[in-house]
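Keep in mind that what you see is a predicted model, and the values were worked out from it rather than measured. Quick note on labels: first sequence line is chain A, next is B, and so on, each numbered from 1.
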Amino acid sequence: MKNIEVAEFFEAIADLLEVKGDNPFKIRAYRKAAQNIRSLTEDIETIAEEGRLEEIPGVGKDLAAKIVEIVKTGRLKHYEELKKKVPEGIIDLMAVPGIGPKTAKLLYDKLKIKGIEDLEKKAKAHKISGLPGLKEKTEENILRGIELVKKVLKRMSLQEALNLSGEIIAQLKKLPDVKRISPAGSLRRMKETVRDIDILITSTNPKKIMDAFVKFPIVKDILAHGETKASILTDNGVQVDVRVVEEDSYGAALVYFTGSQAHNIHMRHMAKKAGLKINEYGVFIEKTNKRIAGKEEADIYKTLSLPFIPPELREDRGEIEAALKGKLPQLVELSDIKGDIHVHSEWSDGEHSIEEMARACRKRGYEYVAITDHSKSLRVARGLSEKDVLKRLDEIMALNKTLRGIRILSGVEVDILEDGSLDYSEDILKRFDIVVAAIHTGFKQSKEKLTNRILKAIDSRFVNIVAHPTGRLRGSRPAYDLDFDKIFEAAKKTRTFLEINSYPDRLDLDDVNSRAAKESGVKLAIGTDAHVVDQLGSMLLGVSVARRAWLTKRDVVNTFRLEELLKFLRK
DNA sequence: GCCGTTTTCGGCCCGACTGTTTTCAGTCG
């Protein structure tokens, strides 16, 4: 899979062209192509081999040739030549908020600044004020920007973003002039990580709201403070942008502020072709400037003869084309989920009893819950011996007799050992209602070995689900490389499901791979991997991944009623 | 550099905020 590599080449070229002051539309062409390549569900090497590169939106003759060069040689001559023309380190300067290509170039041309350290030194020595168009204020802003780059501006997990935005929205709602309010941006699109928090408000008194907002106790620093728009930094270094519009513009502003940028550009392009103009205030007839929509999001889409497109799909990954053809999927919803299929108890490394977990699931309205404790080899997680796992089975049977309103499925998260064999014998495995298999050791094996381990597990007639298939852990462990084509094929053939693990730092499979799985005919299962009652709530995150992956209810097996699920679990 | 129910050339989304400016460029989303 060289998709990311190709995208990175094009993004790097875009950066270099920007500093050179090249045609902005050319730069955008590179960025757009890079973005589309990133979200491909197919391997770009395959597409290249089959001569279908120009079918990728934003890729024409020129970029197709460049992709072929990258795939074949791992290098790109055009990039290397360009790099020679742009001094090293100058690109790094653009990481500082407030410094764009123009300023970066100016700093290099006049002061030979390359790199952020150098920039800091020169700013502290007041060498920057006095350059054309730059004075003390800019110098201060640059120093402030450098602090930001050093400490913060890291992306937070979706869960963290949901928590923080919830708090801020609750505070904003208390302001007297706030009418409607909604999260927007990548948070509303439920991206797996979020860089900043965007909030949209309607009010007839925007200035008052902005003035109050920048005085909130969580505000550590004000980045911008205008009449209708303000940006602040919280004490944890998270940027929060708030925008206020009038009631009549709520829908248009929500579309604009939710993005993605690529989705918006695509929409505005369509509007233009239809003689319309879209901005955050509404949809206007270009000639007369008459507003024809704005109040509700659905109205904006309607002016382009489109149905409402759910925020999770707004990435310009084909959702507009699908909407035009009436082929948008009916996305799975949290309320469709009938049970959690990956839950731990105190028998292994969980903190609550089976009964406590089951009762909590019942409270969530589930019909069933699979208790999937760890198997014997995973000592760090107090994996269960054969003897203990059978004792646990007795407890589950007893509970199922007394506990009404929910069915406890006896399950296991069985280790896929380093040679691909499973951590319990078939004699044991056959006693479970549901078997979830997962890799917890030997992450550093080759792509081939890891793929074969998973294939071997899929091949077992007792394995129902492969949990967290790529093993990634946000911030500590990257996803290992797998041959997904082979895995999807085997999973489809054997009716084995792949998990969307909802644990906030996992979200594994991710949206792109989940969508590829669906397109290969594989069904998915969403599990929380909860170790305490509270973590059962992360089901929302898993559903969000599923929605971003275009999954419908039928693509997710734990939307099935108990009877149907049990039928489906027989391989 | 891409793209085409007005086009193979001439377009390419659109506006807020800031800091430096007497009317706007740069940056950001």
> Considering only atom P, compute the distance from B:dT20 to B:dT27 and round it to an integer number of Å.
13 Å
> Please check the phosphate of B:dC17 (OP1 and OP2 only) for any side-chain N or O of A:S231 closer than 4.0 Å.
no
> Below 4.0 angstrom from OP1 or OP2 of B:dA16, is there any side-chain N or O of A:K229?
no
> Roughly how many Å apart are B:dG15 and B:dG10, using the P atom of each and rounding to a whole number?
25 Å
> If each of A:A230 and A:G58 is mapped to the nucleotide of DNA chain B with the nearest heavy atom, which maps nearer the 5' terminus, i.e. the 5' end?
A:G58
> Counting only side-chain N and O atoms of A:S129, is one of them less than 4.0 Å from OP1 or OP2 of B:dT20?
no
> Heavy atoms only, 4.0 Å cut-off, all strands: where does A:L63 land among base, sugar-phosphate and nothing?
sugar-phosphate
> Where the side chain of A:R268 is concerned, which of B:dT20, B:dC14, B:dG29 is the nearest nucleotide?
B:dC14
> Check whether any side-chain nitrogen or oxygen of A:K272 sits under 4.0 Å from OP1 or OP2 of B:dC14, and answer yes or no.
yes
> Measure from CD1 on A:I201 to P on B:dA16 and round the result to the nearest Å.
17 Å
> State which residue, out of A:V219, A:D196, A:I199, A:L233, fulfils the side-chain contact (heavy atoms from CB on, under 4.5 Å) condition with A:V240.
A:I199
> Looking only at side-chain N and O atoms, does A:D508 offer a donor or acceptor that is under 3.5 Å from a partner on A:T470?
yes
> Closer than 4.0 Å, any side-chain N/O of A:K273 to the OP1 or OP2 of B:dC3?
no
> Would you tell me if any nitrogen or oxygen in the side chain of A:N141 comes within less than 4.0 Å of OP1 or OP2 on B:dG19?
yes
> Nearest to the side chain of A:E280, which nucleotide is it out of B:dC12, B:dG1, B:dA16?
B:dA16
> Expressed as a whole number of angstroms, how long is the span from A:L131:CG to B:dT20:P?
12 Å
> Of the nucleotides B:dA16, B:dC13, B:dT27, which one has an atom closest to the side chain of A:K102?
B:dT27
> Applying side-chain hydrogen bond (donor to acceptor under 3.5 Å, both in side chains) to A:Q159 and A:N163, what does each step give before you reach the verdict?
CA-CA 6 Å; A:Q159 185 65 63; A:N163 295 345; 3.1 Å; yes
> Provide the Watson-Crick or G-U wobble partner of B:dT8, both distances under 3.5 Å; none if there is no partner.
none
> Between B:dT5 and B:dG1, how many Å separate the two P atoms, rounded to a whole number?
23 Å
> Given atom CG of A:N264 and atom P of B:dC12, what is their separation to the nearest angstrom?
17 Å
> Just how far, in rounded Å, is P of B:dA16 from CD of A:Q261?
16 Å
> Please state how far atom CG in A:D22 lies from atom C1' in B:dC2, giving the value in whole angstrom units.
15 Å
> Look at the side chain of A:A224 and decide which nucleotide, out of B:dG1, B:dC17, B:dA16, has an atom nearest to it.
B:dC17
> Could you measure between the two P atoms, the one in B:dA16 and the one in B:dG11, and give it in whole Å?
25 Å
> Look at A:R195 and B:dG29 and indicate whether a side-chain polar atom (N or O) is within less than 4.0 Å of OP1 or OP2.
yes
> In whole Å, what is the span from the OH atom of A:Y256 to the P atom of B:dC14?
13 Å
> Assess whether side chain to side chain contact (heavy atoms under 4.5 Å, CB included) is satisfied between A:L524 and A:I526, documenting all intermediate values.
CA-CA 7 Å; A:L524 293 111; A:I526 307 176; 5.8 Å; no
> Which of these nucleotides, B:dG15, B:dG26, B:dG1, is closest to any side-chain atom of A:N279?
B:dG15
> What's the gap between B:dT8 and B:dG4 when it is taken at their P atoms, as a whole Å value?
13 Å
> From the options A:K179, A:M210, A:K207, select the one residue that forms a side-chain contact (heavy atoms from CB on, under 4.5 Å) with A:V244.
A:M210
> Take the angle between the ring planes of A:H78 and A:Y30 and call it parallel below 30°, perpendicular above 60°, tilted in between.
parallel
> For A:K105 and B:dG26, what is the distance between atoms NZ and P respectively, to the nearest whole Å?
12 Å
> On a plain distance test, is the side chain of A:N23 in donor-acceptor contact with the base of B:dG1 below 3.5 Å?
yes
> Between B:dA16 and A:Y281, is there an OP1 or OP2 to side-chain N/O distance shorter than 4.0 Å?
yes
> Please compare A:M94 and A:H225 by the position of their nearest nucleotide in DNA chain B and report the one closer to 5'.
A:H225
> Can you tell me if the side-chain N/O atoms of A:K277 get under 4.0 Å from OP1 or OP2 in B:dG15?
yes
> Please determine whether a side-chain nitrogen of the Lys or Arg among A:E246 and A:R291 lies less than 4.0 Å from a carboxylate oxygen of the Asp or Glu.
no
> Take the protein atom CZ of A:R28 and the nucleotide atom C1' of B:dG10, then report the distance between them rounded to whole Å.
15 Å
> As a test of reading the structure: which of B:dG19, B:dC13, B:dT27 is closest to the side chain of A:K137, going by heavy atoms?
B:dG19
> Using atom P in both nucleotides, what's the gap between B:dC17 and B:dC13 to the nearest angstrom?
22 Å
> Between A:K66 and B:dG1, does any side-chain N or O lie under 4.0 Å from OP1 or OP2?
yes
